[in-house]
There are 2 protein chains.
Amino acid sequence: MNTRFAVATHVLSLLAHLRPEAVDSEHIAGSVGTNPVVIRRLLPLLSKAGLIRVQMGAGGGAHLARLPEEITLLDIYQAISDDFGRFGIHDTPNPACPVGRKVAKVLSAEMRGAEQALAEQLRGRTLADLAVEFQTAD
Amino acid sequence: MNTRFAVATHVLSLLAHLRPEAVDSEHIAGSVGTNPVVIRRLLPLLSKAGLIRVQMGAGGGAHLARLPEEITLLDIYQAISDDFGRFGIHDTPNPACPVGRKVAKVLSAEMRGAEQALAEQLRGRTLADLAVEFQTAD
DNA sequence: ACGATATGTAACTAGATTAGTTACAGATTG
DNA sequence: CAATCTGTAACTAATCTAGTTACATATCGT
């Protein structure tokens with residue numbers, strides 16, 4: 001299973017919690033429960049998306065580049081998704097069949113619609129919304 | 001990549017196209033461009049979901065159990081999704097961390113919301129809608 | 001300048017998942 | 001009873017993910 005979205009959201013929630021302090025990959029990994037290298041492979045993706053800033057060297061680490069209310073779950077989803085889409089389409093349909101000839105075009109349109117609905121939901125939730133959830137009683 | 005949703009939708013669109021004729025797995029596989037066994041592994045899932053009826057033996061095959069306008073893409077999506085979820089959650093967060101302690105609960109709620117938005121979009125599209133797309137000019 | 005510290009990244013391993021394939025038992029038809 | 005078709009087991013190859021070790025590079029503080 002792909003846990004990158006969960007780990008990325010965990011990391012950013014942690015950075016929001018400790019803001020504006022810079023946190024190193026070992027500390028983050030301790031909270032996530034994984035290896036620091038797994039975190040260090042994730043940080044460049046979040047950095048390129050403009051969600052965090054990372055500093056190398058002694059005293060370095062990662063911190064949020066924006067306010068928690070300005071980072072949506074869609075930002076995170078897009079940052080860790082290479083291109084887009086978790087729906088795959090089979091690649092060798094039969095062009096001699098009326099269905100096979102157009103299935104790629106028809107299905108990709110449907111999948112775009114589905115991804116769009118997913119994206120709109122994620123766009124409506126921010127790290128600040130999640131922070132409230134983290135603070136409620138168990 | 002997971003192409004089961006695409007293949008399942010292809011199969012059902014083909015059965016809608018050839019309705020009410022029963023189609024065997026070899027014929028279906030010829031349209032999809034795969035091995036008949038791949039299709040035969042899919043048919044029981046669609047059958048259990050009540051989308052098709054399958055008959056063994058000579059002259060057998062699969063045919064739609066409902067009208068195309070009564071089969072939604074959500075029906076298909078749920079039929080082929082073992083339990084649920086395109087999102088995975090990492091399994092060993094640190095319970096000593098305020099974020100790690102609640103991350104599974106908070107994230108699963110967000111993921112449910114995202115899946116729900118996806119489901120609502122898929123619920124609004126039927127095999128009959130797709131049939132129109134298959135019939136438009138190239 | 002230098003030593004300590006932290007990221008970025010390559011390389012490798014193990015495990016899970018997917019699709020494809022062969023083979024065959026069981027069901028159904030005529 | 002012979003032909004046909006599904007259901008399913010077993011195996012392979014390819015791909016993906018996470019975890020791990022190792023190290024080059026960058027940065028800070030003294």
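Every chain is numbered from 1 and lettered A, B, ... according to where its sequence line falls, protein lines coming before strand lines.
- Between the P atom of dT27(D) and the CG atom of D24(A) lies a distance of 17 Å, rounded to the nearest Å.
- In this structure, F87(B) and F5(A) have tilted ring planes: the angle between them lies in the 30° to 60° band.
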Please enumerate all protein N or O atoms sitting under 3.5 Å from an N or O of nucleotides 22-27 of chain C, with distances to 0.1 Å.
none

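- The distance from atom CG of L127(A) to atom CG of L73(A), rounded to the nearest 0.5 Å, is 7.0 Å.
- Rounded to a whole Å, the CG atom of N2(A) is 18 Å from the P atom of dT15(D).
- In this model, the phosphate group of dT18(C) is not approached by any side-chain N or O of T3(B) to a distance below 4.0 Å at OP1 or OP2.
- Backbone-only engagement by Q55(A) is indicated by non-hydrogen atom pairs under 4.0 Å involving sugar-phosphate atoms exclusively.
- Residues S31(B) and H10(B) bring a donor and an acceptor atom of their side chains to less than 3.5 Å of each other.
- In terms of phosphate contacts, S25(A) brings a side-chain nitrogen or oxygen within less than 4.0 Å of OP1 or OP2 of dT7(C).
- dG20(C) atom P lies 15 Å from atom CD of E26(B), rounded to whole Å.
- Taking atom CZ of R53(A) as the reference point, atom C1' of dT7(C) lies 17 Å away to the nearest angstrom.
- For H63(A) and dT7(C), the NE2 to P distance is 12 Å, given to the nearest whole Å.
- Sequence order on DNA chain D of the closest nucleotides to T92(B) and K48(B) puts K48(B) first from the 5' end.
- Along DNA chain D, the nucleotide nearest to V7(A) and the one nearest to L43(B) differ in position, and the one closer to the 5' end is contacted by L43(B).
- Within 6.0 Å of CZ on R53(A) lie no more than 12 heavy atoms contributed by other residues, nucleotides or ligands.
- Rounded to whole Å, atom P of dG19(D) lies 10 Å from atom NE2 of H90(B).
- Here the side chains of Q121(A) and L118(A) are not in contact, with every heavy-atom distance at 4.5 Å or above.
- In this structure, I52(B) places its CD1 atom 10 Å from P of dT6(D), rounding to the nearest Å.
- Checking the phosphate oxygens (OP1, OP2) of dG20(C), a side-chain nitrogen or oxygen of T34(B) falls inside 4.0 Å.
- Here the straight-line distance linking atom CD1 of I76(A) with atom CG of L12(A) works out to 5.0 Å at 0.5 Å rounding.
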Q: Take R125(A) and E110(B) through the salt bridge (charged side-chain N to carboxylate O under 4.0 Å, His left out) test and state the conclusion after the steps.
A: CA-CA 8 Å; R125(A) 301 287 294 164; E110(B) 295 299 329; 2.5 Å; yes
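- Put simply, CD1 on I28(A) is 18 Å from P on dT5(C), counting in whole angstrom units.
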